[in-house]
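Working notes for the structure below.
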Amino acid sequence: MAVPLLYAVLSGFKSTDELSRNPVGLPESWVTSNYTQILGSGDFWRLIGNSTLIAVGTTVLIVAVSALSAFSFARFAFRGRETLFTLFTMGLMFPFAVAALPLFLLLRSLDLLDNPLGVILPQAAFGLPMTIIILRGFFRQIPGELEEAATLDGCSSFGFFWRVLLPMARPALGTVSVLAVVTSWNNFFLPLLVFTDSQWWTLPIGVQQFQGQYSAEYAKVFAYLVLAMVPALAFYSVAERQLVGGLTAGATKG
Amino acid sequence: MTSTFLPDKRTGPGAGSPPPVPGRPTGRSRRRALHWLTAAGFQLPALVLFMGLVLLPMLFALYAAFFRWGGFGMPSDYIGGENFTRLFQDDVFLGDLWRCLLLVVLSLAFQLPFALAMAVLLNQRMRGRAVYRMLFFAPYVLSEAITGILFGMIFAPDDGFADQVLGKVGLEGLGGEWFADPSTVMATVFLVMTWKYFGFHMMLYLAGLQAVPRELTEAALIDGASAWQRFRNVTLPLLAPTLRISVFLSVIGSIQLFDLVWVTTAGGPDHHSETMAVTMFQYGFKRYQVGYASAISVVMFGISLVFALAYQRFVLRRDLEGATTTMRGDGK
């Protein structure tokens, strides 16, 4: 499993010449210029910056909107609640590709192409179902007495949500945030559609373009791939518990 | 149990008091209206986003599928079901269906059992278990684009890692064009898919295995059950809910596969690795046959939906809630 990753890291330290002579072993002399050249270029950092901006924007939006909705699903009885919830769960089965064309046209008519909002808003919309489901399950576990006590103390429903529920739900909010960040960071299709201007490209798009541009210089492309993997892997090693916990929490319940 | 705000406790279903008489405003009905408005207010942002950017585009795709339309202006050239009849005479699309089935079968036959075996193995107390878990799950965190390009280079003909290694150990004959040869391209795509996603399923199973009480397998051991019998008769049944969900996600993922194929082969050589989503993209964004591409979208959605509903009805029954707490590529 690790062989492809190791291979990429080592290859990045070779010259393209050496790579074709000696694909498997350690580099004869460790060439660092592949890595340093990329790290020294503004383009690479701009991609990271764009990806970060979009991931953060998406995450904040998904979590805020989903928390409100999940709160209402978990804590209010209202007419049409189950129907509405079913509608959201159905959303999980909607392949993004199905909506891609009309979404593109919609974004075009809203003048959101080549605009980070053109990626953030749809990503958030497609991320809602899963986030709402996880948060609803969590909000339901918080005892009703707390709510009654808060209400008797004169807390409005939003006050309870804001001052009691959200602080208590921190672990769940962490989990859904990590999921949202990873999904956004890896998204390829949507940024591909929305950003024609390279100024807004995200990391996956940048990697693809780089590979196209330097397809003959294998060692360079490997170095680029490795550097592009670093943020995701670093984030994963920090947030592993939250990520795996979030993925498995619901799946084992059944 | 769902707890609700105080006003509703008295008017909710099952409450002893009769519902307020309609048309005669009472303090209670006003309070109830207020309650409804509050609930709706919390739902509003989510609804606007979801309706506007998920449901509306979906419905529009359904509408556009009945037009000959290049994607400019509004569709006006209504052609009824012509796009759909054309679809089922289109060799590429029929091939997509076939390849989709192939990926589903391969995943269920190889990828998931492999993931299960690794999960059972890693569930033992052993050295470096945490490291293996990290390692196997890591590819899932990498984007499809990066994974795809990495393997595109590993499986490059002649210069690529795979061919060179095979050459070094004297197995040149096994090497070849990988992604470029129609007869091996799907196997190669499947290999990359497995590398990328099997860790995800393994993690699901590991979580499921944690929930299997140790006493049960120990009791079976005392009763003289072999390792296989313990697995077959104790562990597996208890893992069934997790397995059902993993199968569901795997099938839906295969139906909707796009990124990995797009980056590695873009559907080539000569459509031999195209998936429905790739064909849709080709027609919609490269050849400006948006009406026709929409029809592909609709069929793809139809297949997903029919599968999901049937699976939910016959297999998952009521544990849908579990099935849904998992991420899709966003797309996925």
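Any value given below was found using the heavy atoms of this structure, including those in side chains, with hydrogens, waters and symmetry copies removed. Proteins get letters first, then strands, A, B, ... in listed order; numbering begins at 1 in each.
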Given that the side chain runs from C-beta out, which part of Arg108(A) has a heavy atom under 4.5 Å from chain B: side chain, backbone, both or neither?
-> side chain
Tell me, side chain or backbone of Phe88(A) under 4.5 Å from chain B's heavy atoms, or both, or neither?
-> both
Give the member of Gln210(B), Met58(B), Met51(B) that has the highest number of heavy-atom pairs under 4.5 Å with chain A.
-> Met58(B)
With only heavy atoms counted, which part of Val3(A) is less than 4.5 Å from chain B, the side chain, the backbone, both or neither?
-> side chain
For Leu103(A) and Leu53(B) the tightest heavy-atom approach is CD1-O, 3.5 Å
If you measure from OG1 on Thr38(B) to CZ on Phe71(A), what distance do you get to the nearest 0.5 Å?
-> 9.5 Å
Structural part of Leu192(A) lying under 4.5 Å from a heavy atom of chain B = side chain
Which atoms of Ser294(B) approach chain A - backbone, side chain, both or neither, heavy atom under 4.5 Å | both
Whatever's closer than 4.5 Å to a heavy atom in chain B on Ser11(A) counts as neither
Largest heavy-atom contact set with chain B, pairs under 4.5 Å, which of Ile62(A), Leu87(A), Leu203(A) | Leu87(A)
Nearest-0.5 Å distance that lies between atom CG in Leu68(A) and atom CG in Leu44(B) | 10.0 Å
Is a side-chain donor or acceptor of Asn186(A) paired with a backbone partner of Glu144(B) at a separation under 3.5 angstrom?
-> no
Turns out that what part of Leu193(A) lies under 4.5 Å from chain B's heavy atoms comes down to side chain
Side chain / backbone / both / neither for Leu121(A) at chain B, heavy atoms under 4.5 Å | both
Under 4.5 Å to a heavy atom of chain A? For Leu62(B) that would be neither
If you count heavy-atom pairs under 4.5 Å between each of Ala99(A), Ser237(A), Gly80(A) and chain B, which one has the most?
-> Ala99(A)
Rounded to the nearest 0.5 Å, how far does OG of Ser69(A) lie from CG of Leu47(B)?
-> 7.0 Å
Any idea which heavy atoms bring Ile154(B) and Pro4(A) closest together, and the distance?
-> CD1-CB, 3.7 Å
Ring centres under 6.0 angstrom apart (His35(B), Phe78(A)) = no
Can you tell which part of Ala39(B) gets under 4.5 Å to a heavy atom of chain A, answering side chain, backbone, both or neither?
-> both
Could you look at Gln208(A) and say if it's the side chain, the backbone, both or neither that has a heavy atom under 4.5 Å from chain B?
-> both
Contact class of Phe235(A) relative to chain B, heavy atoms under 4.5 angstrom | neither
Pick whichever of Phe151(B), Phe136(B), Phe258(B) has the most heavy-atom pairs under 4.5 Å with chain A.
-> Phe258(B)
Assert top hit (heavy-atom pairs under 4.5 Å, partner chain B, pool Pro102(A), Ala8(A), Ala124(A)) equals Pro102(A)
Does the gap between the ring centers of Phe42(B) and Phe73(A) come in under 6.0 Å?
-> no
Do Phe126(A) and Phe50(B) have ring centroids that are under 6.0 Å from one another?
-> no
When rounded to the nearest 0.5 angstrom, what is the spacing between CG in Leu55(B) and CE in Met90(A)?
-> 8.5 Å
Closest-packed option against chain A by number of heavy-atom pairs under 4.5 Å, given Pro139(B), Gly284(B), Pro45(B), Ala46(B) = Ala46(B)
Toward chain B, the part of Leu84(A) with a non-hydrogen atom under 4.5 Å | side chain
Top residue by heavy-atom pair count (under 4.5 Å) with chain A, among Trp195(B), Trp262(B), Phe72(B)?
-> Trp195(B)
Measuring heavy-atom distances to chain B, does Leu101(A) have an atom under 4.5 Å in its side chain, in its backbone, in both, or in neither?
-> both
Value rounded to 0.5 Å, distance of CE in Met153(B) from OH in Tyr218(A) | 6.0 Å
Looking only at heavy atoms, the pair that brings Ala145(B) and Phe188(A) closest together is CB-CD1, 3.7 Å
Part of Leu61(A) within contact of chain B (heavy atom distance under 4.5 Å) = side chain
Gap between atom CG of Leu233(A) and atom CG of Leu142(B) - 0.5 Å precision = 5.0 Å
Heavy-atom proximity to chain A below 4.5 Å, by part of Leu305(B) | side chain
Heavy-atom proximity to chain A below 4.5 Å, by part of Tyr132(B) = neither
Which atoms of Phe281(B) approach chain A - backbone, side chain, both or neither, heavy atom under 4.5 Å | side chain
